[in-house]
Every structure is written in C-alpha cells, then in structure tokens.
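Positions are given from 1 along the sequence. Whatever order the structure lists them in is the order used to number ligands and atoms, beginning at 1. Predicted model only: the values in this text are computed from it and were never measured. FYI, side chains are in, hydrogens and waters are out, and symmetry mates aren't considered; it's all heavy atoms of this structure.
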Amino acid sequence: MQNFEYYNPVNLVFGEGQIAKLSKLIPTDANVLMVYGGGSIFKNGIHEQVADALKKHTVTEFGGVEPNPRFETLMKAVKEVKEKDIDFILAVGGGSVIDGVKFISAAANYEGDAAEILRKRMRIEDNALPFGTVLTLPATGSEMNSGSVVTIEETHEKLPFGGPALFPQFSICDPKVMASLPTRQVQNGVIDAYTHVLEQYLTYPHDALLQDRIAEGILQTLITVGPEVAKDPSDYKLAANLMWSCTMALNGLIQKGVPTDWATHMIGHELTALYDIDHARTLAIIAPNLYRVMFDSKKEKLAQYGKRVWNIDADTVDDAATQAIEKTVAFFHTMGMDTKLSNYTDDYEKTASFIVNRFEERGWKALGERQNITPDKVKEIVELSY
Ligand SMILES: NC(=O)c1ccc[n+]([C@@H]2O[C@H](COP(=O)([O-])OP(=O)(O)OC[C@H]3O[C@@H](n4cnc5c(N)ncnc54)[C@H](O)[C@@H]3O)[C@@H](O)[C@H]2O)c1
C-alpha cells in the first residue's frame with residue numbers, strides 16, 4: 001500500500017429531518033450568503049426548511065447558479081460577498097451549487113484575477129471563506145470533498161481545482177430531498193458515483209485489499225439500488241443507500257494508498273464544455289471506450305471487477321475483462337445512459353482532435369494511473385466514442 005494521509009474535517013449530518021440543525025451548525029452572529037441553483041428548492045419545500053432553521057440569522061440569498069456552474073455567474077456572488085461583508089456561505093443544491101460555493105469561497109479573498117484559480121489549477125490552502133452545504137442531489141460527493149469544477153463560459157473551458165481549505169464545515173444529507181428529483185438526475189447520480197469508484201479502482205493490481213473491497217461494496221450497492229431508486233426516489237431506504245454510496249464514492253477514502261486514473265473525467269469535462277452534455281452522461285460515453293483502448297494496461301483489474309462485482313465466470317483474464325466492460329455498458333443502458341457521442345450531437349467529427357489540441361495547449365503530456373494515456377490514445381478513445 002502507498003503511504004497516505006487521510007484528512008477529512010467535514011461534519012456529515014445524515015438523515016431525515018436534519019435540515020433543522022442548520023440553526024446550530026451556523027453561528028447565530030454569522031452574516032450568511034445562501035446560494036442555490038435554478039429554484040427547485042422553492043417547489044419541494046427545501047427553501048422553507050432552510051429559511052425556518054435560519055430565521056434568527058442574517059441571510060442574503062443568491063440564486064441562479066447553473067448546472068455546470070459558470071465562472072461569470074459566480075463572480076457576481078463574489079461581488080455580493082464583498083459588498084455585504086458576508087462571512088459564511090451556505091450552499092443549498094447539488095454538485096453544481098456546492099462546487100460553485102467552493103469557488104466563491106476561494107475567490108472572495110483572492111487578490112488578482114480570480115480566473116487564475118481555475119486556469120492555474122490552484123491549490124487553495126487557506127484564506128477561504130467558511131461554508132456549509134445542504135445537499136439536494138446525491139451524485140458528486142462534493143459535499144464531503146475539497147474539489148470543485150467550474151466552467152468559464154467565454155472560452156468553453158471546464159476546469160477542476162481544490163485544496164484543503166475547501167472542505168465544507170458541515171454537510172446535511174437528508175435523503176427525503178430526493179423525492180422531487182427528475183428520473184434523469186437520479187440516473188445521473190448513480191452513474192456519476194459508479195464512475196467515481198471505477199476511476200479509483202480500475203487501475204492495476206495492488207496490495208491495498210480493504211480499499212478494493214470498499215470500492216466493490218459501493219459498486220454492488222449502486223447496482224442493487226440504482227434501477228429501483230430511479231423508479232421511486234421517494235423510497236427512503238433506497239434513497240438513503242444511494243445518498244451514502246455517492247458520498248462514500250468520492251470522500252477520499254477509497255483513493256488513499258492506491259493508484260487512481262481520472263482520465264475519463266478529464267475527457268468527459270471537455271464534452272460538457274463543448275456540447276453541454278450532463279456530466280454523468282459524458283462519463284458513460286467515455287469510460288467503456290477508455291477501458292477498450294487501455295485494455296492491456298487495465299485488464300487484470302477489469303477481470304477482478306468482473307469476477308467480484310458481476311460474478312463473471314471466465315477461463316481467462318482477457319475474457320473476464322472483456323465481459324466486465326460489456327456488463328458495465330449494459331448497466332449504463334439500464335440506468336438510461338446513451339453511450340455514444342452521436343446520440344447527443346451531429347457535430348462530433350472534429351471532437352477528438354479538438355480535445356487533443358486542448359490537452360496539448362495545457363501541457364498535459366499523458367493521463368491515467370500509469371501516465372500512459374497519451375494524446376494519441378485520447379484521440380483513439382474519443383473517436384471510438386463517436
Ligand atoms: N466536486 C466534485 O467532487 C465533483 C465530482 C463530480 C462532479 N462534479 C460536478 O458537479 C456538477 C454536477 O452536479 P450534480 O450531478 O449534483 O447536478 P447539478 O447540481 O448540476 O443539478 C442538476 C439539476 O438537478 C436539479 N436539482 C437539484 N436538486 C434537486 C431536487 N432535490 N429536486 C429537483 N431538482 C433538483 C438542479 O436544479 C439542476 O437543474 C458538474 O459540474 C460536475 O462536473 C463535481
């Protein structure tokens with residue numbers, strides 16, 4: 001096992017009725033900016049619960065953070081923070097709102113052009129504004145990690161950044177909030193979490209036995225609850241298991257001491273930036289083709305995944321690994337994912353060369369756990385995804 005440090009200071013408050021605890025989790029003398037997205041919280045009662053819990057607090061509201069949050073919108077919130085001397089931010093939303101709040105928190109005290117935080121992929125160590133979250137959509141794990149992804153609309157760039165100062169102080173995860181989710185968003189949540197685990201698991205064999213078993217447990221739970229919770233997100237048992245699986249998939253635990261990949265995400269972000277395809281759906285397009293192109297490099301772990309997660313009984317590693325990829329694609333389809341870029345756009349033919357050029361401009365010579373996903377491999381993966 002590789003050496004590691006595991007630091008995660010998030011106070012995760014899980015369960016029905018827990019939103020009321022906001023009154024104690026945020027200091028009463030705080031000057032709060034409450035940030036939310038398109039307004040679904042006004043229809044499903046979440047806004048009412050938050051407002052009720054914060055009736056003794058000073059709260060300014062900032063709505064309109066988009067799915068795949070935009071730098072341009074978030075800078076308006078940064079202006080508000082400065083003008084109103086805000087000293088605590090509350091994110092009420094899914095990954096987009098939480099990621100957006102992480103950017104606002106980092107940019108609030110940043111001297112200079114805040115776009116540098118994204119373009120230079122800055123590691124935020126200190127000087128960020130404290131914030132907490134009320135999660136409304138289980139998917140990203142952003143409620144319990146210190147990463148964020150923000151899109152610069154002007155240049156169609158979707159860029160990740162993060163750092164230890166960007167952990168939420170607390171996150172409230174009440175599975176009841178899922179009842180109002182459209183099927184599409186529940187499906188996205190399942191596949192986003194599933195692919196997060198694959199990024200940290202489908203690498204090469206190592207000796208971190210527990211990390212593998214936890215990863216396999218999350219995958220099996222998602223396979224069990226995914227199709228059912230998409231049909232009925234108001235079923236508390238299913239919703240609670242999905243919500244906790246999504247958090248566990250990306251709170252840092254399963255990546256400790258092991259190699260990780262993340263190339264599917266790096267390529268997927270480009271598809272969202274170019275075509276506005278939902279994040280999870282870009283992962284479903286890219287991941288299987290990445291496993292096909294990088295087969296020799298990943299086949300041992302693919303075979304282990306096939307045998308342990310899908311109960312595949314095959315004579316050879318190659319056979320088990322091939323079947324594992326097919327099982328994964330079938331699961332993505334069960335969860336309502338289209339797995340071809342041409343299902344989303346007719347204008348795909350130059351996508352591979354565009355993405356490769358971008359990676360080269362950014363100086364990315366190779367991706368993946370072995371740093372062997374070179375620009376020509378990226379091209380092959382994207383072309384196979386058409
Ligand atoms: N920080 C991380 O670790 C991390 C990891 C993966 C993905 N991401 C990023 O997170 C973003 C995606 O976040 P997401 O998948 O959580 O979706 P989202 O936050 O973009 O929300 C998707 C849609 O669901 C709606 N919605 C949210 N909660 C709802 C509810 N309870 N009822 C009805 N509608 C509701 C939103 O208004 C929005 O229209 C992407 O930008 C992605 O790149 C971040």
Side-chain angles (χ1 to χ4, degrees), residues 8 10 19 35-47 49-50 63-71 73-74 91-103 105-106 118 124 133-153 157-163 166-168 171-200 233-234 239 242-243 246-252 255 262 264-273 276-284:
N8 194 317
V10 180
I19 294 174
V35 179
Y36 56 86
S40 60
I41 61 167
F42 289 97
K43 293 184 207 136
N44 57 19
I46 298 174
H47 182 273
Q49 289 184 63
V50 171
V65 174
E66 310 83 352
N68 306 305
R70 303 294 197 266
F71 164 78
T73 304
L74 300 173
V92 184
S96 293
V97 170
I98 299 176
D99 280 11
V101 161
K102 288 176 181 173
F103 179 80
S105 158
L118 305 173
I124 310 297
T133 87
V134 173
L135 182 68
T136 65
L137 193 177
T140 65
S142 189
E143 68 279 6
M144 202 177 172
N145 68 41
S146 60
S148 168
V149 202
V150 167
T151 298
I152 303 180
E153 185 148 30
E157 290 173 281
K158 185 170 177 180
L159 301 166
F161 73 104
L166 295 183
F167 282 106
S171 282
I172 299 181
C173 299
D174 176 349
K176 284 271 175 191
V177 300
M178 288 174 56
S180 59
L181 279 173
T183 308
R184 178 186 184 86
Q185 298 303 342
V186 183
Q187 292 170 331
N188 284 352
V190 172
I191 297 310
D192 194 21
Y194 197 87
T195 317
H196 289 157
V197 178
L198 294 183
E199 295 268 35
Q200 301 163 89
S234 65
L242 175 61
M243 200 171 234
C246 291
T247 302
M248 284 294 289
L250 199 52
N251 64 3
Q255 75 182 23
W262 297 113
T264 294
H265 270 72
M266 291 304 119
I267 303 171
H269 287 163
E270 297 304 320
L271 297 185
T272 300
D276 219 12
I277 303 171
D278 294 355
H279 173 65
R281 288 166 200 264
T282 69
L283 306 177

If you measure every N/O of [X] against every N/O of ligand 1, is any gap under 3.5 Å?
X	value
Lys102	no
His196	no
Asp99	yes
Gly147	yes
Asn68	yes
Thr136	yes
Met178	no

With backbone taken as N, CA, C and O and side chain as the heavy atoms from C-beta onward, which portion of [X] lies under 4.0 Å from ligand 1: side chain, backbone, both, or neither?
X	result
Val177	backbone
Ala139	side chain
Leu250	side chain
Thr151	neither

For atom 35 (C) of ligand 1, which candidate among Ala249, Gly94, Ser40 holds the nearest heavy atom? Ser40

Judged on heavy-atom distance to atom 33 (C) of ligand 1, which of Pro138, Ser180, Gly189, Ala179 sits nearest? Ser180

Go through the structure and list residues passing side chain to side chain donor-acceptor pair (under 3.5 Å) with Gln49, not counting sequence neighbours.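 Testing Gln49 for side chain to side chain donor-acceptor pair (under 3.5 Å), a comparison that skips the adjacent residues, returns none.
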
Counting C-beta onward and ignoring hydrogens, is there a side-chain heavy-atom pair between Leu135 and Val177 closer than 4.5 Å? no

Check the side chains of Thr151 and Asn68 for a donor-acceptor pair under 3.5 angstrom, ignoring hydrogens and angles. no

Checking side chain to side chain donor-acceptor pair (under 3.5 Å) for the pair Ser142/Lys102: CA distance, chi angles, key distance, verdict? CA-CA 9 Å; Ser142 189; Lys102 288 176 181 173; 2.9 Å; yes

Measuring from Asp278:CG to Leu283:CG, what's the distance to the nearest 0.5 Å?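 That separation rounds to 10.5 Å.
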
